[in-house]
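Some notes on the structure that comes next.
Counting starts at 1 for both ligands and their atoms, following the listed order. When reading the values below, keep in mind they use all heavy atoms of this one structure, side chains included, and skip hydrogens, waters and symmetry mates.
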Amino acid sequence: MRAIAVAEFGAPPELMDLPVPEPGPGEFLVHLRAAGVNPFDWKVAEGILSGVVRHGFPLILGNDGAGTVHSVGEGVTGFHPGQKVYGQFMRLPLGLGSYSEYVLATAEDVVAPMPEGMLFTGAAAVPTATMAAFGLVEAAKVDAGQCVLVVGATGGVGQSAVQFAADRGARVIATAADPQDQAWMRRLGAEEVIDHTAGPVAELLLDTRPEGVHTVLDLVDDAAGVARLLPAVHRPGGTVASTQGVLDPADLARRGITGINFRSRGSAALLRTLADLITAGRLHVHIDHEADLAEAPSALERLRAGRARGKTVLRI
Ligand SMILES: NC(=O)c1ccc[n+]([C@@H]2O[C@H](COP(=O)([O-])OP(=O)(O)OC[C@H]3O[C@@H](n4cnc5c(N)ncnc54)[C@H](OP(=O)(O)O)[C@@H]3O)[C@@H](O)[C@H]2O)c1
């Protein structure tokens with residue numbers, strides 16, 4: 001089967017011809033038709049989980065995918081051949097991932113039936129980023145009437161975080177530089193958009209909204225970047241949540257702010273919830289870049305360069 005893999009940590013991802021895995025008891029084989037690309041994918045290729053989890057090499061990259069159940073092993077219930085499924089398929093110890101024609105899964109994995117009527121590419125764009133956005137908004141206890149700043153709003157996580165926060169009745173301020181992206185953010189529910197390339201975001205925000213915001217959902221900044229946002233956060237009582245793990249919650253608590261270093265935990269149940277929201281038209285996951293599987297290395301580079309506008313997806 002064709003797959004994009006690395007021979008070792010730090011090696012360039014390349015197209016390889018690898019054996020199709022055989023489903024054992026409790027496992028099923030999925031014929032993947034699309035893979036979603038996330039920043040986590042290149043971080044894993046560089047060894048972010050080295051020493052934490054065993055990795056099999058060559059290591060096929062990718063977590064998010066969508067496809068059709070091809071065959072099921074002994075004892076599998078709830079999944080059957082021909083069923084369209086989507087979810088997270090990274091199995092590092094086996095060297096398996098979603099940038100591949102086939103992958104193994106079990107009923108305990110984060111895999112669920114695909115949203116009705118959705119294309120494989122659309123479904124593959126959802127799992128990691130949208131589950132993270134859902135969990136982040138929940139962890140930050142975003143509520144009706146609160147003012148919420150989303151920093152990194154135009155990326156895979158951000159586009160969904162804006163929608164979930166607005167759906168909860170919050171007044172959302174999003175970051176976006178390009179006028180087209182600013183209009184897109186407003187369509188997703190943002191009340192105001194700040195061009196983060198025009199100056200310090202906190203200053204620009206306080207110019208129009210001197211009372212500041214209750215919550216910051218920060219998807220991109222390092223510790224220094226977050227520190228520059230703090231003057232715009234209510235205290236006491238404000239909340240800052242980061243996907244980058246850069247906060248010092250004890251220090252923030254001393255300043256009257258709740259700090260959350262968010263770690264996403266996906267589940268099949270959450271995938272089912274997202275599928276329902278998508279089917280009901282309450283959640284839109286925008287794909288801005290589609291490429292063929294063989295083009296995965298350049299798609300990863302593009303993401304790494306920070307040019308994401310929504311999601312990147314590979315056609316398999
Ligand atoms: N902790 C967790 O559990 C968890 C879960 C999911 C994701 N993450 C992490 O969260 C981050 C975001 O993920 P993603 O999938 O959304 O990434 P992405 O799709 O690559 O999006 C990043 C977005 O942020 C924008 N951006 C970059 N720097 C910015 C700045 N200083 N101010 C405002 N916007 C900025 C980029 O646009 P411009 O280039 O125009 O600025 C881009 O649209 C990644 O680091 C990912 O690894 C963590």
Side-chain angles (χ1 to χ4, degrees), residues 35-46 48-49 52 61-64 88 90 110 124-140 149-165 172-182 184-185 188 190 192-205 216-229 232 240-247 259-267 270 274 285-290 299-313:
V37 182
N38 291 289
F40 186 56
D41 303 346
W42 58 259
K43 295 178 188 177
V44 167
E46 293 200 339
I48 192 175
L49 296 177
V52 181
L61 303 185
N63 197 12
D64 293 351
Q88 295 180 312
M90 184 180 280
V110 182
V126 173
T128 294
T130 311
M131 286 196 288
F134 190 94
L136 182 69
V137 167
E138 198 161 70
L149 170 67
V150 182
V151 182
T154 45
V157 178
Q159 62 165 330
S160 292
V162 168
Q163 294 177 72
F164 291 135
V172 180
I173 305 171
T175 55
D178 183 89
Q180 270 189 343
D181 293 335
Q182 295 182 349
W184 171 45
M185 287 295 119
L188 294 184
E192 193 179 324
V193 185
I194 291 177
D195 176 358
H196 57 281
T197 62
V201 170
E203 280 177 33
L204 295 171
L205 189 148
V216 174
L217 305 178
D218 194 317
L219 312 170
V220 291
D221 277 310
D222 58 14
V226 174
R228 286 193 289 274
L229 294 170
V240 178
S242 162
T243 58
Q244 301 297 310
V246 296
L247 304 184
I260 301 167
N261 282 315
F262 175 73
R263 292 284 296 273
S264 185
R265 290 174 69 87
S267 70
L270 181 49
L274 297 181
V285 176
H286 172 67
I287 297 174
D288 93 303
H289 185 61
E290 272 189 40
L300 278 167
E301 268 318 307
R302 186 175 173 279
L303 197 67
R304 201 171 172 161
R307 292 198 292 268
R309 291 291 168 276
K311 290 296 303 179
T312 300
V313 173

List the residues meeting side chain to side chain contact (heavy atoms under 4.5 Å, CB included) with Glu138, not counting sequence neighbours, and say none if there are none.
Phe134, Arg168

Glu203: which residues meet the side chain to side chain contact (heavy atoms under 4.5 Å, CB included) condition with it, sequence neighbours left out?
Pro200

If the condition is side chain to side chain contact (heavy atoms under 4.5 Å, CB included), which residues does Ala232 pass it with, not counting sequence neighbours?
Ala202, Leu205, Leu206

Would you indicate whether the side-chain heavy atoms of Thr130 and Val157 approach each other to under 4.5 Å?
no

Any non-hydrogen side-chain atom of Val193 less than 4.5 Å from a side-chain atom of Ile173?
no

Who's touching ligand 1 if we go heavy atoms under 4.0 Å?
Pro39, Lys43, Ala132, Val151, Gly152, Thr154, Gly155, Gly156, Val157, Thr175, His196, Leu219, Val220, Thr243, Gln244, Phe262, Arg263, Ser264, Leu303, Gly306, Ala308, Arg309

Can you find a side-chain donor-acceptor pair between Asp64 and Thr128 that sits under 3.5 Å?
yes

